[in-house]
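First comes the structure, then the notes that go with it.
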Amino acid sequence: MTSNHDVVIPTLDIRGDRIADDIAGFAALSESGPGVTRLAYSPLEREAHRIFSDRMQKLGLSVHTDAAGNTIAELAPTEPETDGRIIGTGSHLDSVPHGGRFDGIAGVVAAMEVARAVVRGGGARRRRWRFVVFAAEEGARFGQACNGSRMVAGLTRSAELDSLVDAAGVSMAVAMREVGLDPAAIASSRWNSDEWLGFIELHIEQGAVLESREIEVGVVDVISGSTRLLVTVRGQASHTGGTPMHLRRDALVTASECVLASDRIANNPEHHGTRVTVGRIEVRPGSITTIPGWAEFSVDIRDVDSDRQRRTAEELVAEFERIASRRNTDLDVELMGDTSPVVLPVWVADHIVAAAAELGMRYRILPSGASHDSQQVNRIAPTGMIFVPSRDGLSHVPEEFTSVEQIAAGTRVLLAALMRLDASV
Ligand code: GLV
Ligand code: MN
Ligand code: MN
């Protein structure tokens, strides 16, 4: 659709030392304990956004934080604008509990380094470039993922923010107000698709494909969807010594059977490619000498096939209900979050592939198992994703690691791909 024969890849300077400083600066913003804990809509997440904002303002960009908490820095073109349409890049700065230093952060520091490279290095640009930090990407706190980008895409209404609740009972609306955001005004953060030409997010792979094949960059074709359930089991708490086995209504035994059923169903060949995880379980009263009368667990279903994703969820719920009734316990299932898989546009991926090839880098087209803001942004702006390798494929844990050189290599591809978008008509 575009002709880029006249694109000259700039020799702009992408510097690993600046990327390393940014990563260390963000990693320092964490609750105590292993790894990085900087949860969605927490004061630490806001502090990270403030640092991004400061750096971009010092560079001369105009910066604002919208009602959803997304921070957006805009760089004006150096030449008369092509057609007024904008290009962008960015990712997120929140983390899961005890996560790593790179998930989301890699894409933000890459965006910051691209901004520095083009501002300091010059080079003609014919479009406005936006550098974006999305708020509350991780679903770990409220169940729903990609919150800031969903609001940008108009997928979340203010009224829903009262019913998204964290493990401590704090709603997303309250959490947002506590950090100075305005949940009633999130409609104002919506982007207009007519304004956008394209968006590219750099992210760590969170899998081991690139590392195992010694490939520098991945170009994402499909992003998995996720359906998240919160399952509550109610039985009867009672004395562990006095209650015979045949009279028990043990909520944890029901929950345990449900966990094993989840693993069995996901491993069924019919579901090949589906991933199902019970990542959180809580048991009450939590006493050695009392039968658990109550248990609650999360179920996270991921798939690149949207039909199969939802069918798996239905199959799991039907099986959980059978197990609960056989065990004489009650079961409630609440849908915490639901996001469809997304096929990213090939023409944006083609620009990334061309950029990688021009830079002499090895690349591979691959799907994303994790969720990303790109899934939501793609509803507004045609979006591409660049993956950089994850050591041992580990992510959402303190051991998460990607070297500065690997991020810098991905950042060079990001800059070259953005230059291609800038030049395309
Ligand atoms: C986001 O990191 C996800 O949980 O996929
Ligand atoms: Mn992420
Ligand atoms: Mn994540």
Side-chain angles (χ1 to χ4, degrees), residues 23 26-27 30 35-42 44-45 48-49 52 70 89-111 132-150 164 166 199-207 218 220 222-230 273-280 298-304 309 336-342 344 366-378 383-390 393-402 407 410 414:
I23 290 169
F26 289 125
S30 174
V36 174
T37 301
R38 193 167 55 242
L39 300 183
Y41 291 133
S42 65
L44 283 167
E45 184 209 46
H49 278 240
F52 169 79
N70 303 307
T89 184
S91 194
H92 62 97
L93 284 172
D94 62 320
S95 82
V96 298
H98 309 300
R101 301 169 152 222
F102 301 93
D103 173 1
I105 292 88
V108 174
V109 301
V132 185
V133 184
F134 294 103
E137 189 270 354
E138 296 291 357
R141 180 171 181 192
F142 294 104
Q144 180 67 265
C146 302
N147 293 289
S149 51
R150 287 177 66 90
L164 291 162
D166 72 7
F199 191 92
I200 301 179
E201 177 178 12
L202 178 145
H203 202 282
I204 58 168
E205 182 198 337
Q206 308 180 283
V220 176
V222 187
I223 306 176
S224 294
S226 69
T227 299
R228 301 205 175 127
L229 310 173
L230 183 66
T274 311
R275 285 90 63 208
V276 181
T277 310
V278 175
R280 200 175 78 200
S298 63
V299 188
D300 182 16
I301 303 147
R302 312 265 190 146
D303 212 312
V304 290
Q309 178 185 320
M336 282 196 291
D338 188 63
T339 302
S340 296
V342 166
L344 295 175
L366 79 182
S368 169
S371 307
H372 297 291
D373 291 313
S374 286
Q375 260 164 297
Q376 322 304 339
V377 175
N378 187 55
T383 297
M385 284 199 81
I386 297 171
F387 273 177
V388 289
S390 292
L394 294 173
S395 184
H396 282 185
V397 288
E399 299 92 307
E400 183 177 272
F401 183 76
T402 302
I407 297 173
L414 173 65

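The first residue of the sequence shown is numbered 1, and numbering continues consecutively from there. Source: prediction; values computed, not measured. All ligand and atom numbering here is 1-based and tracks the order in the structure.
Phe401 and Phe102 have perpendicular rings, their planes meeting at more than 60° on a 0 to 90° scale where under 30° would count as parallel. Note: His203 and His372 have perpendicular aromatic rings, judged against thresholds of 30 and 60 degrees for the angle between ring planes.
With Thr227 contributing its side chain and Asp338 its backbone, the two residues share no donor-acceptor pair below 3.5 Å. Within the 3.5 Å criterion, the main-chain N or O of Arg38 finds a donor-acceptor partner in the side chain of Ser95. Remark: the backbone N or O of Val304 is not paired with any side-chain donor or acceptor of Gln309 at under 3.5 angstrom. One N or O on the side chain of Glu400 and one on the backbone of Asp103 form a donor-acceptor pair closer than 3.5 Å.
Contacts of Val96 with ligand 1, taken as heavy-atom pairs under 4.0 Å, are absent altogether.
Using a cut-off of 2.8 Å, one finds that Glu137 contributes no N/O/S atom close to the Mn ion (ligand 3). Under 2.8 Å from the Mn ion (ligand 2) lies an N/O/S atom of His203, whether from backbone or side chain. Among the backbone and side-chain atoms of Asp103, an N/O/S atom is found under 2.8 Å from the Mn ion (ligand 2).
No donor-acceptor contact under 3.5 angstrom links the side chains of His49 and Asn70, judged on distance only.
Between Ser374 and Ile223 there is a side-chain heavy-atom pair separated by less than 4.5 Å.
Taking only nitrogen or oxygen atoms, main chain and side chain alike, Gln206 does not reach within less than 3.5 Å of ligand 1.
Here is the list of ligand 1 atoms found below 4.0 Å of a heavy atom in Asp103: 2 (O). Applying the 4.0 Å criterion to heavy atoms of Ala370 picks out, from ligand 1, the atoms 5 (O). Interface of Ser371 with ligand 1, defined as ligand atoms under 4.0 Å from a residue heavy atom, comprises 1 (C), 3 (C), 5 (O).
Of the protein's heavy atoms, Glu138 OE1, 3.4 Å lies nearest to atom 1 (C) of ligand 1.
When Arg302, His372, Glu137 are ranked by how near their heavy atoms come to atom 4 (O) of ligand 1, first place goes to Arg302.
Expressed to the nearest 10°, the angle at the Mn ion (ligand 3) joining NE2 in His396 with OE1 in Glu138 is 90°.
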